[in-house]
Amino acid sequence: TSVTWTLLLFVYFNFSEENQSFKNVPVKGLEPQRPFPKRFYPRFTRGPAHIPELQQKESKFRNPLGNHVQDPVKRDGDFSPEMGMIFNEEDQEVRDLGYQKHAFNMLISNRLGYHREVPDTRDAKCREKTYPSELPFASVIICFYNEALSALLRTVHSVLDRTPAHLLHEIILVDDNSELADLKKDLVDYVKTQLPKTTKLVRNEKREGLIRGRMIGASHATGQVLVFLDSHCEVNEMWLQPLLTPIKEDRRTVVCPVIDIISADTLTYSSSPVVRGGFNWGLHFKWDLVPLSELEGPEGATAPIKSPTMAGGLFAMDREYFNELGQYDSGMDIWGGENLEISFRIWMCGGRLLIIPCSRVGHIFRKRRPYGSPGGQDTMAHNSLRLAHVWMDDYKEQYFALRPELRTRSYGNITDRVELRRRLNCKSFKWYLDNIYPEMQVSGPNAKAPQPVFINRAQKRPKIIQRGRLYHLQTNKCLVAQGHPSQKGGLVVIRECDYNDQNQVWVYNEDHELILNNLLCLDVSETRSSDPPRLMKCHGSGGSQQWSFGKNNRLYQVSVGQCMKVADPLSHKGYVAMAICDGSLPQQWHFES
Ligand code: UD2
Ligand code: MN
């Protein structure tokens with residue numbers, strides 16, 4: 001910890017003067033600060049300190065409830081199935097509200113606090129790499145709209161905790177006119193009293209969207225390199241140096257880290273394979289396998305990889321180059337499309353875009369976007385239209401072939417962007433396709449010879465851990481489908497056990513799924529945790545289909561944070577329900593092989 005403190009004091013002294021340049025901009029929460037904030041790093045500020053069971057927590061990677069959970073599966077070192085345990089109505093409210101407002105498990109996010117260790121997901125060879133000690137210093141820009149405070153502050157602290165002080169010039173938080181009360185008040189206080197002066201908070205007077213939001217952030221930045229992050233990220237060990245090095249070598253290089261996955265349901269941090277960015281003619285971003293030709297060379301898996309596009313949220317770019325290249329299209333609203341626009345622009349106008357396998361940043365990937373646009377418009381279509389008209393030449397027909405209704409849709413004035421393209425003397429979209437994304441299939445008027453189909457990320461089958469019956473101890477009955485086990489949405493009930501009946505056979509696999517008769521997965525509703533469990537198609541992304549066997553024979557549901565019980569053990573109906581885990585008889589189950 002003394003090392004951390006030295007580092008922090010260093011950040012503090014090193015940058016307190018450079019703060020002056022910020023005086024004339026409308027930055028809120030930057031009143032004079034106490035020289036030594038009392039609690040720089042509160043451990044579990046919003047954590048459930050009042051929960052005795054959670055106080056036993058020893059290691060962040062171990063199960064928060066102790067060693068008694070007999071879950072046979074270990075995941076990337078930090079899978080704590082019962083981290084989302086609901087103890088009372090307040091917990092339930094936090095969880096359900098979190099899913100509604102943020103589309104991830106806010107109860108777990110709050111419990112994790114503002115600091116945690118994450119598994120080092122880099123290839124082992126990355127640890128042997130060295131980077132120049134002289135590197136350009138960075139301004140980290142984080143735009144947010146109605147973000148969960150704990151997720152936002154974990155993003156900020158992960159940067160402060162894992163970035164060498166001399167490379168971190170400042171952090172600029174851009175509040176995109178959030179409405180949530182804690183962001184308007186608690187965050188302002190926190191920035192003022194708990195964070196180094198080099199963390200600045202800017203608030204937009206009206207909602208701008210992430211695109212203009214980032215431009216506003218960049219306009220306040222004074223670092224040599226801009227690093228953009230989403231507001232629900234956690235940076236990993238040595239994340240920044242590998243990003244800054246290629247920029248130092250060539251300022252027209254734009255770089256992205258590998259985006260690791262933080263589960264929206266369990267907040268588990270896990271490694272992503274190294275893939276690169278592509279897109280389809282609907283102008284949606286997608287991940288592609290890296291062509292073998294890109295992986296050859298002495299550095300193998302640790303060498304930077306050319307990427308046709310970026311996902312959008314996480315990248316670093318020389319600040320002056322960002323300005324020269326035309327920042328972003330300020331005519332784009334709220335969300336979507338800007339990532340392809342900047343990717344095309346980088347490649348077509350003389351730059352390059354790389355993914356850096358040795359730099360890793362986790363991001364909470366959620367299943368839906370929890371916010372809309374102020375006017376309810378489809379901003380993705382509006383933004384995509386603008387980029388198609390400015391950058392795609394005749395190839396915009398590929399987009400219109402899929403979205404004919406957009407042909408006549410207005411998209412605002414694009415003369416500035418067309419002029420920018422001319423001024424920068426950018427190459428054609430055909431050049432981009434031929435040279436940067438030759439895998440892209442073109443049909444119709446722009447067709448060329450068919451290319452081999454690209455294989456998508458291989459679907460792996462989770463290993464089976466156990467096969468058998470789900471036996472309810474109190475009633476001596478077994479868990480079965482109420483109707484046919486292949487019926488999606490069907491309820492489960494308890495019935496007399498029949499050891500010859502395949503329809504009573506469950507499989508428990510390494511993804512913590514419970515699958516009945518090899519057909520459907522036991523599932524719970526994400527937003528309505530009071531709904532009874534049901535059978536649904538297995539989706540493979542954990543959360544609502546993740547179950548674990550714990551102490552007192554409990555069957556625990558990971559995303560709901562509750563246990564399965566027989567609703568009324570005396571009733572012949574045999575209904576089951578989710579309830580706060582209390583170790584009582586109706587909640588006791590045995591998986592019998
Ligand atoms: C992905 C990108 C995201 C952006 C988007 C396309 C990653 C990991 N994420 O979507 O950065 O490029 O594709 O546009 O590559 N926000 C605002 N104001 C708004 C709306 C959003 O500030 O009006 C913030 C939001 O709080 C978040 C960031 O912008 O920090 C990105 O939004 P998102 O997380 O909903 O986008 P995501 O990850 O689905
Ligand atoms: Mn995001």
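Read the numbers this way: they start at 1 and go in the same order the structure lists the ligands and their atoms. Just so you know, these numbers come straight off a predicted model, no measurement behind them.
Between R162 and E234, none of the side-chain N atoms (NZ, or NE/NH1/NH2) sits under 4.0 Å from a carboxylate O, so this pair counts as no salt bridge. Classification of R417 and E419 as a salt-bridged pair fails, no side-chain N sitting under 4.0 Å from a carboxylate O. Between E341 and R386 no salt bridge is recorded (no basic side-chain N to carboxylate O distance below 4.0 Å). Using a 4.0 Å cut-off between charged side-chain N and carboxylate O, K206 and E208 make a salt bridge. By the 4.0 Å N-to-carboxylate-O rule, R366 lies too far from D265 to be salt-bridged with it. R423 and E324 are not joined by a salt bridge, as no carboxylate oxygen comes within less than 4.0 angstrom of a charged side-chain nitrogen. The residues R122 and E237 are annotated as not salt-bridged, no charged nitrogen and carboxylate oxygen being separated by less than 4.0 angstrom. Classification of R95 and D91 as a salt-bridged pair fails, no side-chain N sitting under 4.0 Å from a carboxylate O.
Within ligand 1, counting atoms from 1 as listed, the ones closer than 4.0 Å to a heavy atom of R207 are 19 (C), 23 (O). Atoms of ligand 1 lying under 4.0 Å from any heavy atom of L314, numbered from 1 in the order shown and given with element: 8 (C). If you number the atoms of ligand 1 from 1 as listed, the ones under 4.0 Å from a heavy atom of D176 come out as 17 (C), 18 (N), 19 (C), 22 (O), 23 (O). Below 4.0 Å from some heavy atom of G313 lie the following atoms of ligand 1, by number and element: 2 (C), 3 (C), 7 (C), 9 (N), 11 (O), 12 (O), 15 (O). Counting atoms of ligand 1 from 1 in the listed order, those under 4.0 Å from a heavy atom of R366 are 33 (P), 34 (O), 35 (O). Heavy-atom proximity to E338, at under 4.0 Å, picks out these atoms of ligand 1: 4 (C), 6 (C), 12 (O), 14 (O).
Of the heavy atoms in E341, none comes closer than 4.0 Å to ligand 1. Neither the backbone nor the side chain of M310 comes within contact range of ligand 1; no heavy atom lies under 4.0 Å. At a heavy-atom cutoff of 4.0 Å, ligand 1 is contacted by both the backbone and the side chain of L210. No part of F228 comes within 4.0 Å of ligand 1, judged by heavy-atom distances.
Taking the six-membered ring where the residue is Trp, Y411 and H389 present parallel rings, their angle staying beneath 30° rather than reaching 60°. Between F315 and Y328, the angle of the ring planes goes over 60°, which puts this pair in the perpendicular group of the 30/60° scheme. Ring pair F429/Y395 is tilted by interplanar angle, where 30° to 60° counts as tilted.
Between E147 and ligand 1, no pair of N/O atoms sits closer than 3.5 Å.
Protein heavy atom in closest approach to atom 9 (N) of ligand 1: D230 OD2, 3.1 Å. Atom 24 (C) of ligand 1 has as its closest protein heavy atom C143 O, 3.7 Å. Counting protein heavy atoms only, atom 27 (C) of ligand 1 is closest to S231 OG, 3.7 Å. Atom 5 (C) of ligand 1 has its closest protein heavy atom at W335 NE1, 3.4 Å.
Excluding waters, the set of protein N, O or S atoms lying under 2.8 Å from the Mn ion (ligand 2) comprises D230 OD2, H232 NE2, H363 NE2.
Within the set H102, R214, M332, H363, the minimum heavy-atom distance to atom 11 (O) of ligand 1 is found for R214. Within the set A311, G213, C233, C256, the minimum heavy-atom distance to atom 1 (C) of ligand 1 is found for A311. Ranked by closest heavy atom to atom 26 (O) of ligand 1, the top entry among F315, F365, Y145, Y371 is Y145.
Just one residue in the list Y437, F285, W287 forms a ring-ring contact (aromatic ring centres under 6.0 Å, His included) with F279, and that residue is Y437.
For the pair R369 and W335, the cation sits on the ring face: its NZ or CZ lies under 6.0 Å from the ring centre, inside 45° of the axis.
Using a 4.5 Å heavy-atom threshold, the side chains of W281 and V442 count as touching.
Remark: L195 CG to K200 NZ distance equals 12.5 Å, nearest 0.5 Å.
Residue contacts with ligand 1: E208 is excluded, as none of its non-hydrogen atoms falls under 4.0 Å.
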